[in-house]
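Here is how names work: the chains are called A, B, and so on, in the same order as the sequence lines, proteins then strands, and each is numbered from 1. Owing to the predicted nature of the structure, the values given are computational and were not obtained by experimental measurement.
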Number of protein chains: 2
Amino acid sequence: MTEKQRKILDIALELFAQDGYNSTSTNKIAQEAGVSEGLIFKHFGSKEGLLDYLVEEGVALMNEELDNLMRIENSVDRLKATLRFPKAVIDKNPAYWKVQMSIKFANHEIVEKYHNSSFMGKAMGIISETFEELNFENPQMETQLLMQIIASFFMSLINDEMENYAEMVSFLEKKYNLI
Amino acid sequence: MTEKQRKILDIALELFAQDGYNSTSTNKIAQEAGVSEGLIFKHFGSKEGLLDYLVEEGVALMNEELDNLMRIENSVDRLKATLRFPKAVIDKNPAYWKVQMSIKFANHEIVEKYHNSSFMGKAMGIISETFEELNFENPQMETQLLMQIIASFFMSLINDEMENYAEMVSFLEKKYNLI
DNA sequence: AACCAAAGTGAGTAATCACTCACAAAAGTA
DNA sequence: TACTTTTGTGAGTGATTACTCACTTTGGTT
C-alpha cells in the first residue's frame, strides 16, 4: 500500500462520513488528498471500488471488536460489555459507521452487495449464547430485542442524539439483573 | 391541486422511496408522470421543494396517527397500541417513511431543515404519560428505552427485516405486564 | 547504464443533472 | 366574444459527474 493510496482512503472515508457517498466527488477526494484524480481510478478502479475497500476495512474492524467481546468468559460481564458495545466501537472509529449508515438507506444496489458480509450473525450468536448461559426464560426473543436496542443505540450515537448513554446502560443493567 | 400536480407528487414519492432522493432525476419523474419536466419546477420551484411537500404530507400523516394513539383512554390499551404503532403506520403508507429514512442519513443539510418539525416530541409525551399512569419505577428511562425500541422497529420494518413482529409484540407485552 | 513495471499526471470526454425560458393551450371571468 | 390568468410544453444551458488515456516520473533489477 502506497503512501498516496492510504491518503486517498483516509480522505475518502472522512468525506464520505461527512457529506455522504453520493455527495462526495472523486475530484474533491483527489484535491484534498493532494493527488491526481486519475490515480484514484488506477488504484481502485472506480468510485464504488474505493467504497468497497473502505467497507471491507470497516467489516474487519467490527469483526475484531466482536471477537474481543466473545472472549469475555463471564456471562454477566459479557452482557455488560455488550450494552457498552455501541459507544465503545463508535468512539474508536466513528467515520466507518457513519459511512455504513449513509449507504444503508441511500444506495439500494450497493447495500445488497454488502448484505452478505454482515456481522449481524456473529453478534446474534454472542448475545444468544449469553442469554442461554444466564438461563433467561426466552433467550431467542431476548436476543432479538437486545439486537434491536443495540442497533438503535448505534444510530442515535452516530447522529449525536444520545447524551445520557451511561444512564441508559445502568438502567438496562438493572433490568437484566446485572446490578 | 391539479390532477397533474398530484400525479407528480405520487410518482416522486414512489421513486424517492424506491431509488432514493439523490438517485431520482426530475427528468425521470416527469417521464413517469407523463408531464413535461418544466411543470415540476413551475409547481414546486425546485427538486427540493418537491421533497419539502412530500415531507410535510408525511409529517401530517404521522401527527394524525399520533393523535389517534393519544386518544386511547386506558393506559394499558394505549401502551399495547404503542407497541403495534410502527407496523400499523408503515403498513398504511410505507413510501413516506422510506423517503424519510433515506434522507435522514444521506442529505445532511436537508435533514437539519426538517429536524425541528419532528414529531418525536409528541411521541415522547404520549409514552411518558403512559408509563407515569402505570406507575413504572423510572418512567423517564422507560420512555427513552421504548422510543429507541420503536425507532428500531421502524427501521427494520422499512427494510423488511422483521418477520416475527407479532411475536415480538407479545413478548414485550409480557415484559411490561400487560399480558 | 539500460531497462522495465509501477506510480502518478492532468487535460479531455460523454453523460447526466437541475433548472430556465420563450411560447402555446386551456380555463376562467367579464 | 375579448381578456387575463393559470397550466403546460420541450428544447436548450451551464455546471458537474465519473471515468479515460496518452504520457511522464520514479524506483528497483540486471
Side-chain angles (χ1 to χ4, degrees), chain A residues 1-57 99 102-103 105-114, chain B residues 1-57 99 102-103 105-114:
Chain A
M1 163 116 14
T2 322
E3 194 181 324
K4 299 205 171 185
Q5 213 166 343
R6 188 67 251 172
K7 186 78 184 178
I8 290 170
L9 285 169
D10 290 341
I11 294 291
L13 177 64
E14 183 187 322
L15 292 177
F16 287 168
Q18 192 182 96
D19 306 323
Y21 172 74
N22 286 319
S23 305
T24 303
S25 67
T26 50
N27 173 33
K28 190 174 181 187
I29 296 171
Q31 275 192 324
E32 301 240 341
V35 144
S36 73
E37 201 176 346
L39 192 60
I40 295 175
F41 295 92
K42 182 137 287 179
H43 280 318
F44 302 101
S46 65
K47 189 186 172 187
E48 202 174 315
L50 182 54
L51 178 64
D52 286 346
Y53 206 99
L54 291 172
V55 168
E56 274 185 39
E57 287 190 342
V99 174
S102 82
I103 59 171
F105 292 94
N107 301 71
H108 295 190
E109 333 80 35
I110 293 182
V111 175
E112 294 271 322
K113 190 171 58 179
Y114 298 144
Chain B
M1 163 111 21
T2 322
E3 194 181 327
K4 299 205 171 186
Q5 211 165 344
R6 188 67 251 171
K7 186 77 185 178
I8 289 170
L9 285 169
D10 290 341
I11 294 290
L13 177 63
E14 183 187 323
L15 292 177
F16 287 169
Q18 193 181 97
D19 307 323
Y21 173 73
N22 286 319
S23 305
T24 303
S25 67
T26 50
N27 173 34
K28 190 174 181 187
I29 296 171
Q31 275 191 324
E32 301 240 341
V35 147
S36 72
E37 201 175 345
L39 192 60
I40 295 175
F41 294 92
K42 185 139 285 180
H43 279 317
F44 302 101
S46 65
K47 188 187 172 186
E48 201 173 316
L50 183 54
L51 179 63
D52 287 346
Y53 206 99
L54 291 173
V55 168
E56 273 186 38
E57 287 190 340
V99 174
S102 82
I103 59 171
F105 292 94
N107 300 71
H108 296 189
E109 334 80 36
I110 293 182
V111 175
E112 293 273 322
K113 190 172 59 178
Y114 298 144

*Asks:* Quick one, which residues of residues 40-51 of chain B touch DNA chain C with a heavy atom under 4.0 Å?
*Replies:* B:Phe41, B:Ser46, B:Lys47

*Asks:* With a 4.5 Å heavy-atom cut-off, do B:Leu13 and B:Glu57 have their side chains touching?
*Replies:* no

*Asks:* A:Phe16 pairs by side-chain contact (heavy atoms from CB on, under 4.5 Å) with which of A:Ile11, A:Asn22, A:Ile29, A:Ile103?
*Replies:* A:Ile29

*Asks:* Looking across every strand, which nucleic acid part, if any, lies under 4.0 Å from A:Ser25 by heavy atom: base, sugar-phosphate, or nothing?
*Replies:* sugar-phosphate

*Asks:* Hey, does B:Leu50 have a side-chain heavy atom less than 4.5 Å from the side chain of B:Ile40?
*Replies:* yes

*Asks:* Return yes if some donor-acceptor pair links the side-chain N/O of B:Thr2 with the main-chain N/O of B:Gln5 below 3.5 Å, else return no.
*Replies:* no

*Asks:* Grab the CG-C1' distance between A:Asn27 and C:dT9 for me, whole Å please.
*Replies:* 14 Å

*Asks:* Shortest non-hydrogen contact from A:Lys4 to A:Gly34?
*Replies:* NZ-O, 4.4 Å

*Asks:* Where along residues 30-39 of chain A does a heavy atom come under 4.0 Å from DNA chain C, residue by residue in number order?
*Replies:* A:Val35, A:Ser36, A:Gly38, A:Leu39

*Asks:* Does the side chain of A:Leu51 reach to within under 4.5 Å of the side chain of A:Tyr114, using non-hydrogen atoms?
*Replies:* yes

*Asks:* Below 4.5 Å, heavy atoms only, C-beta onward: do B:Asn27 and B:Gln31 meet side chain to side chain?
*Replies:* yes

*Asks:* Which heavy atom of B:Lys7 sits nearest to which heavy atom of B:Ala33, and what is that distance?
*Replies:* CG-O, 3.6 Å

*Asks:* Minimum heavy-atom separation for B:Ser102 to B:Gly20, with atom names?
*Replies:* OG-CA, 4.4 Å

*Asks:* Using the heavy-atom set of chain A and a strict 4.0 Å cut-off, write down the first and last nucleotide of DNA chain D that makes it in, 5' to 3'.
*Replies:* D:dT17 to D:dT20

*Asks:* Quickly work out the B:Lys4 NZ to C:dA25 C1' distance and round it to whole Å.
*Replies:* 11 Å

*Asks:* Within the distance-only criterion (no hydrogens, no angle test), does the side chain of A:Lys47 pair as donor or acceptor with the backbone N or O of A:Thr24 below 3.5 angstrom?
*Replies:* yes

